[in-house]
There are 2 protein chains.
Amino acid sequence: MAESLVFGNRELTEMCRYVVSSGGKRLRPALCILSYRACGGEDPSIPVKIGSAFEIVHSASLIHDDINDQGEIRRGRKTLHKEYTLTKAIVAGDCMFTVGFRLLASVKSKIVGYIVEASGAMGEGEFVQKDNEHFSKVTEEDYMHIISGKTAKLFEACAKSGSYMAGGTEEEVETIGRFAHDLGLAFQIVDDALDVTGDPHNTGKAVGTDLLEGKPTLPVIYAMQDEVHGAEIRELFERPFIEREDVVKTLNLISRTDSIKRCMDKARELVEGALSYLGPIPESRYKESLKSLARFVVDRDR
Amino acid sequence: MAESLVFGNRELTEMCRYVVSSGGKRLRPALCILSYRACGGEDPSIPVKIGSAFEIVHSASLIHDDINDQGEIRRGRKTLHKEYTLTKAIVAGDCMFTVGFRLLASVKSKIVGYIVEASGAMGEGEFVQKDNEHFSKVTEEDYMHIISGKTAKLFEACAKSGSYMAGGTEEEVETIGRFAHDLGLAFQIVDDALDVTGDPHNTGKAVGTDLLEGKPTLPVIYAMQDEVHGAEIRELFERPFIEREDVVKTLNLISRTDSIKRCMDKARELVEGALSYLGPIPESRYKESLKSLARFVVDRDR
């Protein structure tokens, strides 16, 4: 990634490196590489290049998300627009998108289509999410639509690209895409649950950040359905501006409902379903790794 | 363009249409269509599709530029982030980039490379421009580098895509690309001169906007070299915040130098050079139209 993110402008290069060097789980490249290998691909340099492209596009979207959410901390470090400026961060995000597209186009034009589709869905998902901020009537269905666009479509694109480049059959490409899509849904649900229950030391961000922003996440949606505490949580969620102390109060209320348990059940159910899609993929140690990756998604604490 | 900008989200669709329906000179599609025709292309639907993609990417970059420059008026209408919100405008810009890439990819993968290269240069140009705001030591060379990235590379990509899709020879594609690139430089110089001398009724924006933002444009660079008024203009340009009345004062000072004349001479020289590149392109009414387009670029008042 660092090799691809070299610009004529020193500071632009530095900013992009700041973003990609801050770690992260690298799930998208992992999905791409394992899907490539599981479908019989033999040249590891190909999925590494594609995986980098996906991670770069993902990082670009995080830059713009952080601006939109006024996020200050990401992965335990200052967000890019806080460390530099909003202006430069918008441009750096655009440049990273471009580098991602360029990298993919340099491998194979077909896979540009996958990422373009995913990027479009990411924008739409972000939009619907914004529209549902502080909106207590948001449904589980709305939420699934949002996270499909925001997260799952890119997971799907990573896996499909890997499989396609390995020369996978049409069935293999589609099936591994469905696996990755539903894994992405589960991943996002767990991410949103960690916003309620996570340890900031592990997650690299303060607890309750989504609540503070009024994001319509599944833990809140389920908690708002609670017979005892639902009404109070709805009232707090609807407030256009919520104080830190009310966030703490809301987190406490949510933890008294069965919301987190329901979220984790839903995530596990999605992962089980995702694993069942892997049937047509031949047995191999890469397929085993894909399964481990899927289990990690629901068992992680960061 | 309107047909391509349809999203599942109604407001997102509305925002994108707001941007592309606000007019503009449509120079980029014109360059693409004429380059296609001048190189022997016969199916008008192809360059129309490509031209739309370029105009969409261009519009996307304007959305982000307006956010970065805190612009409030564009083409006589409120800028997108003022009419909607900053958040939604960032996302709408990203979505429009994606639609542009998708449109191009649907025509031919090769031309995705042209726009990716141009988009990267646009980001870099914007970055270097930001770095040189209020910087009185900025040189004409810096400026040419900035506008090559910001404007000329996209002009080049439009023309090259048209020529390539028409089955133009490698020489034709390159030569028409050089023509368009230098036309883009001239276009931007005239644009920057209009910021000093233009009639807001024609240009759709207040005079002196670039000055207010401390943008390092050629009219300012030349004016700062003036023996009589240069020192005062430099001092005004260096102020991190400049009042409206000082903008008016600076505009008056600039008009007392030969700066605008030098800018227009430079633009005309670039257009003459650009026209000379058209030599290898066979004579046709489309080539004549390309020449008219080039003359319009320096003779316009909007």
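Since the model is a prediction, treat every value here as computed from it, not as a measurement. Chain A is the first sequence line, chain B the second, and so forth, proteins listed ahead of strands; every chain is numbered from 1.
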**OP:** Pick one of side chain, backbone, both or neither for A:Phe97, based on which atoms fall under 4.5 Å of a heavy atom in chain B.
**Re:** side chain

So does [X] have more than 12 non-hydrogen atoms from other groups sitting under 6.0 Å from [atom1]?
X: B:Glu243; atom1: CD; answer: no
X: B:Gln70; atom1: CD; answer: no
X: A:His134; atom1: NE2; answer: yes
X: B:Arg244; atom1: CZ; answer: yes

Chain A interface, residue from [options] that has the most non-hydrogen pairs under 4.5 Å:
options: B:Thr85, B:Asp65, B:Thr98; result: B:Thr98
options: B:Glu11, B:Glu126, B:Lys130, B:Lys88; result: B:Lys88
options: B:Val99, B:Asp131, B:Val112; result: B:Asp131

Subject >> Closest non-hydrogen atom pair between B:Val116 and A:Arg102, with its separation >> reply: CG1-CB, 3.2 Å

Subject >> Contact summary for B:Cys95 and A:Gly120, nearest pair of heavy atoms >> reply: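 Answer, listing the atom of B:Cys95 first, then A:Gly120: SG-O, 4.3 Å.
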
**OP:** Would you give the length of the straight line joining atom OG1 of B:Thr13 to atom CD of A:Glu124, rounded to the nearest 0.5 angstrom?
**Re:**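 B:Thr13 atom OG1 to A:Glu124 atom CD measures 7.0 Å (nearest 0.5 Å).
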
**OP:** With rounding to the nearest 0.5 Å, note down the distance linking CZ in B:Phe127 to CG in A:Leu12.
**Re:**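 These two atoms lie 4.5 Å from each other.
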
**OP:** Apply the side chain to side chain contact (heavy atoms under 4.5 Å, CB included) test between A:Ile67 and each candidate in B:Leu86, B:Ile67, B:Thr87; give the one that qualifies.
**Re:** B:Leu86

Original post:
Does B:Asp94 reach the side chain of A:Asp94, with side-chain heavy atoms less than 4.5 Å apart?
Top reply: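 Touching, per the 4.5 Å side-chain cut-off.
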
Original post:
Out of A:Gly93, A:Gly149, A:Ser119, which one racks up the most heavy-atom pairs below 4.5 Å with chain B?
Top reply: A:Ser119

